[in-house]
Amino acid sequence: MPSFTLEVWGELACFTRPEFKVERFSYPLITPSAARGIFDAIYLDFDPQSKSPLMYWQIERIELLQPVRYLALMRNEVKEKASVRNIQTWMKDPSTFEPLFADATKEDTGQDTKGRTQRQTMALRNVRYRLTAHAVLYHEDHALRQKIENSFERRARAGQCIYQPYLGCREFTGYFRLVEPGEAAEPVPHSEQIGWMLYDVFDLSRPGRPLRTDQGEKPQISLFQAELVNGVLEVPPYGSEQVRKGGI
């Protein structure tokens with residue numbers, strides 16, 4: 001099955017290591033989960049009846065095209081967001097509207113509260129990667145595969161996407177282009193034992209449920225031992241024994 005290669009870049013990125021919990025500290029390069037999200041942003045096919053995905057993008061290789069550079073940031077993050085259900089209620093009865101305060105005093109709400117929190121972020125700056133992936137269908141179908149591959153190649157070459165790709169955080173915009181056959185820019189000669197790296201946050205072995213307000217796909221974290229060798233990270237298939245899976 002053919003593989004596709006994207007060159008992806010951006011001014012800022014943050015692929016948070018989960019073991020750091022509250023403070024956000026980035027992996028030295030993009031995770032397979034974030035890389036899959038960029039391919040999803042360009043093209044992902046769904047079943048018209050169930051609205052569940054018919055495929056997923058299997059990341060094969062991640063190549064580092066710019067040296068790893070960190071940047072420390074202090075950011076304000078909101079503690080909560082308005083739910084769809086609350087917004088629908090407010091639309092029906094505007095008198096029930098209750099604002100979410102970024103900063104509030106006792107006079108505003110009757111109690112001392114703040115809707116934001118400050119967090120330290122160790123992000124990456126001026127990142128550039130080369131990502132290689134292929135489509136995995138849950139039920140192999142030649143016509144569907146041809147449709148997916150042709151649609152992805154056409155959209156990626158034209159710079160089209162369903163939503164703007166991002167690099168770990170939605171405010172860190174990612175840009176992409178399709179790498180044509182024959183292009184061979186050398187990766188940065190950087191080697192590092194990264195250790196346990198986040199592979200994905202969903203179970204890719206089966207179609208996920210559609211995202212709705214009342215139900216959604218439950219997270220299932222998977223990890224793998226990542227080693228960057230001369231700027232290249234080889235990613236094992238999701239079904240491989242090298243990928244440790246577990247539910248939360």
Side-chain angles (χ1 to χ4, degrees), residues 7-38 40-41 59 62-83 98-106 108-109 111-131 163-176 187-188 190-202 211 216-228 231 233 235 243-244 246-248:
E7 186 173 330
V8 177
W9 67 94
E11 294 180 1
L12 291 170
C14 183
F15 312 104
T16 307
R17 301 187 73 122
E19 63 266 31
F20 282 83
K21 297 183 179 179
V22 176
E23 303 301 332
R24 306 194 184 282
F25 194 100
S26 180
Y27 286 106
L29 79 167
I30 190 171
T31 62
S33 175
R36 179 178 63 82
I38 295 174
D40 286 351
I59 306 299
I62 297 172
E63 297 173 84
L64 186 68
L65 300 183
Q66 289 277 22
V68 178
R69 294 188 177 95
Y70 286 96
L71 177 65
L73 302 171
M74 180 69 76
R75 299 193 296 163
N76 290 323
E77 299 186 8
V78 296
K79 293 182 179 179
E80 57 181 334
K81 63 181 180 179
S83 68
E98 295 180 4
L100 297 177
F101 293 95
D103 287 290
T105 64
K106 198 166 185 178
D108 295 322
T109 63
Q111 57 182 348
D112 292 320
T113 181
K114 282 189 176 182
R116 66 175 176 88
T117 181
Q118 287 191 327
R119 286 185 176 176
Q120 181 73 24
T121 297
M122 188 62 74
L124 302 170
R125 64 185 180 94
N126 297 328
V127 300
R128 187 176 293 268
Y129 308 109
R130 189 163 53 221
L131 313 175
Y163 56 87
Q164 183 65 48
Y166 55 93
L167 301 171
C169 300
R170 288 191 180 273
E171 61 267 36
F172 297 158
T173 303
Y175 306 93
F176 68 90
V188 174
H190 176 81
S191 298
E192 182 178 345
Q193 281 280 0
I194 300 173
W196 288 109
M197 188 180 204
L198 178 69
Y199 191 99
D200 214 289
V201 294
F202 294 109
L211 295 178
E217 187 66 14
K218 292 183 178 180
Q220 179 168 303
I221 301 298
S222 50
L223 304 167
F224 75 110
Q225 281 283 355
E227 182 179 6
L228 189 64
L233 175 63
V235 181
V243 180
R244 302 289 183 88
I248 63 172

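Below, each value reflects all heavy atoms present in this structure, side chains not excepted, and no hydrogens, waters or symmetry copies. Numbers here simply count residues along the sequence, with the first being 1.
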Reported CD-to-CG distance for the pair Glu192 and Leu233, which is rounded to 0.5 angstrom: 10.5 Å

Aromatic plane relationship, Tyr199 with Phe224 - under 30° parallel, 30 to 60° tilted, over 60° perpendicular: perpendicular

Reported CD-to-OG distance for the pair Glu227 and Ser191, which is rounded to 0.5 angstrom: 7.5 Å

Side-chain heavy-atom pair Tyr27, Val68 within 4.5 angstrom cut-off: no

Arg244 vs Trp196 side-chain heavy atoms within contact, under 4.5 Å: yes

Heavy-atom closest pair, residues Cys14 and Arg24: SG-CB, 4.3 Å

Any Ile38 side-chain heavy atom under 4.5 Å of Leu167 side chain: yes

Approximate separation, where rounding is to 0.5 Å, of Leu29 CG and Ile194 CD1: 5.0 Å

Close side-chain approach of Leu124 and Tyr70, heavy atoms under 4.5 Å: yes

Side-chain donor or acceptor of Ser222 paired with backbone N/O of Asp200 under 3.5 Å: yes

4.5 Å side-chain heavy-atom contact, Leu198 and Phe15: no

Phe25, CZ atom: more than 12 neighbouring heavy atoms under 6.0 Å: yes

Distance-minimising heavy-atom pair for Pro28 and Arg17: CD-NH1, 4.3 Å

Nearest non-hydrogen partners of Ser26 and Ala123, listed with the distance: CB-CA, 4.5 Å

Within-4.5 Å side-chain heavy-atom neighbours: Leu65 and Arg130: yes

Spatial distance of atom CZ (Phe202) from atom CD1 (Ile221) [nearest 0.5 Å]: 8.5 Å

Where Phe172 and Leu12 come nearest, the two heavy atoms and their spacing: CB-O, 3.2 Å

Salt bridge (Lys or Arg N to Asp or Glu O under 4.0 Å) partner of Arg128, the single match among Glu7, Glu63, Glu11: Glu7

With sequence neighbours excluded, residues passing salt bridge (Lys or Arg N to Asp or Glu O under 4.0 Å) with Arg75: Glu77, Glu171

Spacing of Leu64 atom CG and Ile30 atom CD1 [to the nearest 0.5 Å]: 11.0 Å

Closest approach of Gln120 to Ala72 (non-hydrogen atoms, all atoms of both residues): NE2-CB, 3.5 Å

Exercise: identify the closest heavy-atom pair between Ile62 and Pro32: CD1-N, 4.1 Å

Pairwise side-chain contact, Ser33 with Met197, heavy-atom cut-off 4.5 Å (strictly under): no

